Asker: 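Below are the structure tokens for one structure; questions will follow.
All residue numbers in this chain count up from 1 along the given sequence. The analysis underlying the following values was restricted to heavy atoms, covering all of them including side chains, and did not include hydrogens, waters or symmetry mates. Just so it is clear, the model here is predicted, and its values are computed rather than measured.
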Amino acid sequence: MTPLDFCGIELEHPIINASGTFDAIAADRAFGDELFERFPFAAFVSKTVTLEPRQGNPPPRLWEVPAGLINSIGLPNKGLEGYLAEDLPRLAQLPVPLVVNVMGFTREQVAELVGAFSEREEVAALELNVSCPNVETGLVMGADPDEVAALLERVRPLTDKPLIVKLTPNASDVAAVASAAQQAGASALSLINTLRGMALDPRSGTPWLGATTGGVSGPAVRAIALAQVQAVSQATNIPLIGMGGVQSGRDALDLIRAGAKLVAVGTESFRDPVAGARIAAELDTLLQASGARVCM
């Protein structure tokens with residue numbers, strides 16, 4: 001497959017991982033040098049980093065649904081200082097560009113995170129997780145165009161690195177949010193994040209997940225992902241990363257045809273840790289057969 005340019009970053013193919021769905025550090029412990037020789041993605045997107053350490057949500061954290069999962073992990077991480085000291089040096093050894101996903105509960109928290117990573121040469125780009133509430137306004141940042149614009153206006157001057165805004169599908173008008181993000185300085189957009197869902201314990205009838213609700217992912221959300229990627233593609237003209245239920249090269253090609261430049265694999269990696277490499281190979285075969293190219 002011909003290498004492609006994404007926001008000034010050269011990638012070997014269009015398949016990357018969705019944040020939080022592939023633990024490269026654990027994979028390194030399990031597979032050692034083989035991980036570097038057969039790394040399944042063209043870029044690695046880290047799990048979400050917050051300013052302070054987080055333990056995550058109380059268990060249970062997972063529930064299987066037909067054609068998918070509900071997860072309520074809760075973004076456990078070591079916080080900015082722990083990530084810089086422990087995780088970043090190890091992830092910088094990966095054979096592909098590193099994208100760091102960050103989240104804050106105020107604009108100033110996000111600004112501090114962006115400023116800290118802006119200085120690190122190991123980081124190729126930043127992905128802003130805007131699926132959380134702004135504690136100052138009570139609004140979910142990614143569900144409101146004005147909130148997203150205000151966030152971008154605060155953090156865009158802090159870095160020359162590409163800023164990818166990860167949109168929430170739980171918005172009344174995702175295309176409007178996407179357009180606001182572009183106008184305020186986003187370099188690219190990624191979508192979709194998980195959809196809000198809940199499961200009940202079949203014995204007690206009470207919520208199964210420790211945090212009551214969680215995020216639905218997997219093939220069950222694929223049609224929604226296609227519709228939202230197409231809508232955002234029509235409303236913007238910056239690169240898109242499409243994700244949501246990708247299990248095969250055909251699924252990846254569908255998202256590219258809908259307007260994505262890159263495709264992220266998430267839940268499928270839990271079933272098949274090297275799914276990214278398989279999907280990239282299947283996509284390449286389909287593109288060669290059709291004579292199409294991945295370009296922008």
Side-chain angles (χ1 to χ4, degrees), residues 3-54 75-104 108-130 151-152 154-166 185-190 239 241 243 261-266 269 273 276-277 280:
L4 69 157
D5 178 273
F6 178 80
C7 297
I9 305 166
E10 185 171 300
L11 303 179
E12 289 300 312
H13 56 77
I15 304 301
I16 66 173
N17 68 296
S19 173
T21 62
F22 187 89
D23 190 335
I25 293 176
D28 183 26
R29 289 195 298 266
F31 302 109
D33 291 344
E34 187 177 1
L35 174 70
F36 295 89
E37 295 167 2
R38 299 178 56 200
F39 197 74
F41 305 109
F44 180 73
V45 183
S46 78
K47 61 184 179 181
T48 300
V49 181
T50 54
L51 204 55
E52 301 297 331
R54 287 175 57 90
L75 307 176
N77 72 99
K78 300 172 184 176
L80 176 61
E81 290 186 8
Y83 185 90
L84 291 175
E86 301 176 35
D87 290 2
L88 184 58
R90 300 183 67 179
L91 294 175
Q93 298 175 24
L94 294 173
V96 296
L98 173 64
V99 179
V100 175
N101 180 294
V102 300
M103 187 193 78
E108 292 309 311
Q109 286 186 3
V110 180
E112 188 169 344
L113 289 159
V114 169
F117 285 115
S118 178
E119 302 172 358
R120 305 305 296 250
E121 294 182 358
E122 307 98 312
V123 178
L126 292 167
E127 183 177 59
L128 309 182
N129 182 346
V130 296
L151 176 64
L152 266 294
R154 176 66 182 90
V155 303
R156 180 69 278 182
L158 302 178
T159 184
D160 293 328
K161 296 184 188 296
L163 289 178
I164 306 162
V165 177
K166 186 164 189 177
S187 310
L189 304 166
S190 60
I241 303 171
M243 66 192 79
K261 182 167 187 178
L262 303 184
V263 174
V265 177
S269 290

Asker: Partners of Arg154 by side chain to side chain donor-acceptor pair (under 3.5 Å), sequence neighbours excluded?
Answerer: Glu108
Asker: Taking side chain to side chain donor-acceptor pair (under 3.5 Å) as the definition, give me every residue that meets it alongside Ser269, ordered by chain and number, with sequence neighbours left out.
Answerer: none
Asker: Could I get the full list of side chain to side chain contact (heavy atoms under 4.5 Å, CB included) partners for Pro157, not counting sequence neighbours?
Answerer: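 Applying side chain to side chain contact (heavy atoms under 4.5 Å, CB included) to Pro157 gives none.
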Asker: By side chain to side chain contact (heavy atoms under 4.5 Å, CB included), which residues pair with Ala188, not counting sequence neighbours?
Answerer: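 Applying side chain to side chain contact (heavy atoms under 4.5 Å, CB included) to Ala188 gives Phe6, Cys7, Ile164, Pro239.
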Asker: Indicate whether any N or O donor in one side chain lies under 3.5 Å from an N or O acceptor in the other, for Ser190 and Glu127.
Answerer: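 Distance-only check passes for Ser190 and Glu127.
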Asker: Tyr83: what forms a ring-ring contact (aromatic ring centres under 6.0 Å, His included) with it, not counting sequence neighbours?
Answerer: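 ring-ring contact (aromatic ring centres under 6.0 Å, His included) check on Tyr83 returns Phe117.
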Asker: Could you pull out all residues at least two apart from Ala280 that satisfy side chain to side chain contact (heavy atoms under 4.5 Å, CB included)?
Answerer: His13, Ile15
Asker: Filter on side-chain hydrogen bond (donor to acceptor under 3.5 Å, both in side chains), then keep only pairs touching residues 20-31, sequence neighbours left out; what's left?
Answerer: none
Asker: Any salt bridge (charged side-chain N to carboxylate O under 4.0 Å, His left out) involving residues 75-85? Give me the pairs, sequence neighbours left out, ordered by first then second residue.
Answerer: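 Qualifying pairs, neighbours excluded: Lys78-Glu86, Lys78-Asp87.
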Asker: Grab the two heavy atoms, one from Pro273 and one from Pro40, that are nearest each other, plus how far apart they are.
Answerer: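 Scanning both residues completely, I find the closest heavy atoms to be O-CG, 4.0 Å.
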Asker: Would you be so kind as to tabulate the donor-acceptor pairs closer than 3.5 Å made by side chains of residues 30-37, with sequence neighbours excluded?
Answerer:
from	atom 1	to	atom 2	distance (Å)
Glu34	OE2	Arg38	NH1	2.8

Asker: Could you give the distance from CG (Leu163) to CG (Leu189), rounded to the nearest 0.5 Å?
Answerer: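 Leu163 atom CG to Leu189 atom CG measures 11.0 Å (nearest 0.5 Å).
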Asker: So if I apply the side chain to side chain contact (heavy atoms under 4.5 Å, CB included) rule between Lys166 and each of Asn101, Ile241, Val130, which one comes out positive?
Answerer: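 Only one of Asn101, Ile241, Val130 forms a side chain to side chain contact (heavy atoms under 4.5 Å, CB included) with Lys166, namely Asn101.
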Asker: For Leu11 and Ala43, which heavy atoms make the closest approach, and how far apart are they?
Answerer: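 Smallest heavy-atom distance, with atoms named: CD2-CB, 3.9 Å.
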Asker: Does any non-hydrogen side-chain atom of Pro162 lie less than 4.5 Å from one of Ile9?
Answerer: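 Yes - at least one pair of side-chain heavy atoms lies under 4.5 Å apart.
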Asker: Just by distance, do the side chain of Thr159 and the backbone of Val114 share a donor-acceptor pair under 3.5 Å?
Answerer: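 No; zero donor-acceptor contacts below 3.5 Å.
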Asker: Drop me the distance from Phe39's CZ to Leu94's CG, to the nearest 0.5 angstrom.
Answerer: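 It is 4.5 Å, given to the nearest 0.5 Å.
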Asker: Please find the pair of heavy atoms, one from Ala124 and one from Lys161, that lie closest to each other, and give the distance.
Answerer: O-CB, 4.2 Å
Asker: Just how far is it from atom CG of Leu75 to atom OG of Ser19, taken to the nearest 0.5 Å?
Answerer: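 One gets 8.0 Å once the value is rounded to the nearest 0.5 Å.
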Asker: Measure the CE-CG distance between Met103 and Leu128 for me, rounded to the nearest 0.5 Å.
Answerer: 12.0 Å
Asker: Can you name the residues that form a side chain to side chain contact (heavy atoms under 4.5 Å, CB included) with Glu112, not counting sequence neighbours?
Answerer: Leu51
Asker: Using every non-hydrogen atom in the two residues, find where Leu4 and Glu12 come nearest and quote the distance to one decimal.
Answerer: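 Nearest pair, atom of Leu4 first, then Glu12: CD2-C, 4.5 Å.
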Asker: Does anything in residues 114-123 pair up under salt bridge (charged side-chain N to carboxylate O under 4.0 Å, His left out), and if so which pairs, sequence neighbours excluded?
Answerer: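 Applying salt bridge (charged side-chain N to carboxylate O under 4.0 Å, His left out) to every pair that reaches into residues 114-123, excluding sequence neighbours, yields Arg120-Glu122.
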Asker: Applying side chain to side chain donor-acceptor pair (under 3.5 Å), can you list everything that pairs with Ser46, at least two apart in sequence or on another chain?
Answerer: none
Asker: Quick one, Val265 and Phe41 - any side-chain contact, counting heavy atoms below 4.5 Å?
Answerer: yes
Asker: Is the shortest heavy-atom distance from the side chain of Leu113 to the side chain of Leu126 under 4.5 Å?
Answerer: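 The answer is no, as the side chains (C-beta and beyond) never meet within the 4.5 Å cut-off.
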Asker: What are the two closest heavy atoms between Glu52 and Asn77, and how far apart are they?
Answerer: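 Heavy atoms only, the tightest pair is O-OD1, 4.3 Å.
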Asker: What are the two closest non-hydrogen atoms of Thr48 and Val102, and how far apart are they?
Answerer: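 Shortest heavy-atom contact: CG2-C, 4.2 Å.
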